Amino acid sequence: MYDAIKKQDKELFAALEGEETREREGLELIPSENYVSKAVREAQGSILTNKYAEGYPGRRYYGGQEFTDQAEAFAIERVKKLFGASFANVQPHSGANANIGMYFALLQPGDTVLGMDLSHGGHLTHGHPVTYITKFFNFVRYKMKDVETGEIDYDDMLAVAKAHKPKIILAGFSAYSRELDYAKFVAIAREVGAYAVIDAAHIAGLIAGKAAKNPFDYGFDIMTSTTHKTLRGPRGGIILTRESEELAKKIDKAIFPGLQGGPLMHVIAAKAVAFSEALHPSFQTYAAQILTNAKAMEAVFKANNVRMLGGGTSNHLILADVFGSLAIPGKVAEKVLDTVGITLNKNVIADDTRSPMDPSGIRFGTPAITTRGFTEKESTRVAELMLQALQGKDDEVTLKAVHQEIKDLCAKFPIPDTFV
Ligand SMILES: Cc1ncc(COP(=O)(O)O)c(C=O)c1O
């Protein structure tokens with residue numbers, strides 16, 4: 001691996017080797033990360049990186065597109081099949097770009113979006129004041145009614161929608177552990193004449209693997225997503241349209257030429273590979289196991305009286321209030337777990353009394369360990385080891401023993417190269 005880089009660029013080679021070891025010998029619990037197949041990496045490292053392909057298949061600005069057109073058409077057809085969409089744009093460079101393109105396709109400056117409160121699980125691109133989109137559009141919020149069950153306050157959502165007349169009702173999240181009531185979202189959107197949009201970045205793999213409900217089955221108009229989280233593809237974005245050709249055309253224009261230049265054809269080829277992997281029956285087994293493993297971890301945290309936002313999980317992630325339950329700030333927990341080979345992130349919890357840089361919670365999930373082949377047994381053990389490390393954070397001997405067991409687990413479950 002990396003033969004040419006090794007010869008040519010020793011510094012970078014050392015960094016890549018370091019990351020190889022880090023990923024091999026440590027456990028990845030960040031719920032937005034995963035391991036891709038060798039085929040995805042080959043496509044992403046392929047010759048298609050050389051080609052400019054501004055435009056869309058059959059309608060490009062430059063010549064020499066017979067093979068780029070094929071690669072993009074494969075990605076489009078496969079992802080449409082995977083999610084039951086009528087139209088797909090596979091060019092967004094990232095999830096953020098997919099959302100920005102979607103906003104510019106559906107809104108005029110000054111229009112309003114009703115999205116999930118950021119401290120209750122929504123993403124930066126759903127209208128955080130630090131993002132430029134808030135200079136163009138107005139964002140209003142819905143929240144959970146009860147942070148202990150995770151139930152969304154749909155009555156308040158309707159009241160806010162009636163008061164602010166949003167053009168988009170936006171479902172989707174980065175840090176929320178329950179399934180949404182899609183029928184209610186769509187009913188509210190229809191009542192106020194808004195588009196129903198789901199940002200499925202976190203749960204796209206669960207939907208594709210039929211372990212979670214598909215928002216299109218409930219009438220959502222648009223789905224945006226990343227391709228690199230539970231979907232287990234290369235880093236990138238997509239925008240899918242359930243039915244309306246008019247909306248799909250607006251989205252295509254918004255992405256190119258509205259927002260981006262040349263598409264990353266090597267990444268689009270890698271998306272095509274990942275979508276074919278997700279269409280394989282084995283992906284459904286994978287998606288189901290992600291949930292089973294998250295439940296196994298939930299059981300350990302529950303048994304140890306650690307408060308989880310939403311009372312636990314129905315998806316791939318858990319948000320634990322480690323400050324409230326163990327008197328350990330999220331930042332400290334992240335650091336302690338890092339020292340024993342477990343990577344996760346500190347996270348704000350709903351109505352956090354602490355600051356975003358030093359919050360009360362940690363967020364972790366099972367997509368990557370499930371790719372590694374972990375079942376309930378190993379997931380349970382990982383949760384136990386996490387609590388052992390946190391409770392014994394000042395005891396060198398405990399931390400050493402936990403780290404050794406994590407290394408042993410990683411050696412027993414190497415990161416696979418193929419999934420189908
Ligand atoms: C819900 C959601 N939307 C969008 C994004 C942005 O994706 P990217 O990091 O690819 O821009 C994320 C990433 O964390 C996300 O969780």
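Both ligands and their constituent atoms are indexed starting at 1 by order of listing. Quick caveat, the model's predicted, so the values are computed rather than measured.
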Subject >> Ring geometry between Tyr182 and Tyr218 (parallel below 30°, tilted from 30 to 60°, perpendicular above 60°) >> reply: tilted
Original post:
Among Leu170, Thr224, Leu259, which one satisfies side-chain contact (heavy atoms from CB on, under 4.5 Å) with Tyr103?
Top reply: Leu170
**OP:** Check whether any N or O atom of Phe173, backbone or side chain, sits under 3.5 Å from an N or O atom of ligand 1, and answer yes or no.
**Re:** no
**OP:** Return the residue, atom name and 0.1 Å-rounded distance of the protein heavy atom closest to atom 11 (O) of ligand 1.
**Re:** Ala96 N, 2.8 Å
**OP:** Using a 4.0 Å heavy-atom threshold (strictly under), name the region of Ala201 that reaches ligand 1: side chain, backbone, both or neither.
**Re:** side chain
**OP:** Check each of Thr371, Asn34, Thr370 against Arg232 using the side chain to side chain donor-acceptor pair (under 3.5 Å) test, and report the only one that passes.
**Re:** Thr371
**OP:** Enumerate the atoms of ligand 1 whose separation from the nearest heavy atom of Gly95 is less than 4.0 angstrom.
**Re:** 6 (C), 7 (O), 8 (P), 10 (O), 11 (O)
Subject >> Met357 CE: over 12 foreign heavy atoms closer than 6.0 Å >> reply: no
**OP:** Could you tell me the residue and atom name of the protein heavy atom closest to atom 3 (N) of ligand 1, and the distance to it rounded to 0.1 Å?
**Re:** Asp199 OD2, 2.6 Å
Original post:
Is the number of heavy atoms from other residues, nucleotides or ligands under 6.0 Å of Phe13 CZ greater than 12?
Top reply: yes
**OP:** Can you pull out the closest protein heavy atom to atom 12 (C) of ligand 1? Residue, atom name and distance to 0.1 Å, please.
**Re:** His123 NE2, 3.2 Å
Subject >> His202: numbered ligand 1 atoms lying under 4.0 Å from its heavy atoms >> reply: 16 (O)
Subject >> Heavy atoms from other residues, nucleotides or ligands near CZ of Arg372 exceed 12 (cutoff 6.0 Å) >> reply: yes
Original post:
Taking atom NZ of Lys331 and atom NZ of Lys346, what is their separation to the nearest 0.5 Å?
Top reply: 7.0 Å
Original post:
Can you tell me the protein heavy atom closest to atom 13 (C) of ligand 1 and the distance?
Top reply: Lys229 NZ, 2.7 Å
Original post:
Are any of the protein's heavy atoms under 4.0 angstrom from atom 9 (O) of ligand 1, yes or no?
Top reply: no
Original post:
Where does Arg235 meet ligand 1, judged by heavy-atom distances below 4.0 Å: at the side chain, the backbone, both, or neither?
Top reply: neither
Original post:
Of all the atoms in ligand 1, which lie at a distance below 4.0 Å from a heavy atom belonging to His228?
Top reply: 10 (O)
Original post:
Are more than 12 heavy atoms from other residues, nucleotides or ligands located less than 6.0 Å from atom NZ of Lys80?
Top reply: yes
Original post:
Counting from 1, what ligand 1 atoms have a heavy atom of Thr226 closer than 4.0 Å?
Top reply: 7 (O), 10 (O)
Original post:
When the aromatic ring centroids of Phe275 and Phe83 are compared, is their separation below 6.0 Å?
Top reply: no
Original post:
So between Ala175, Gly121, Ser174, whose heavy atom ends up nearest atom 16 (O) of ligand 1?
Top reply: Ser174
Subject >> Close-contact set for ligand 1 against Ser94 heavy atoms, below 4.0 Å >> reply: 10 (O), 11 (O)
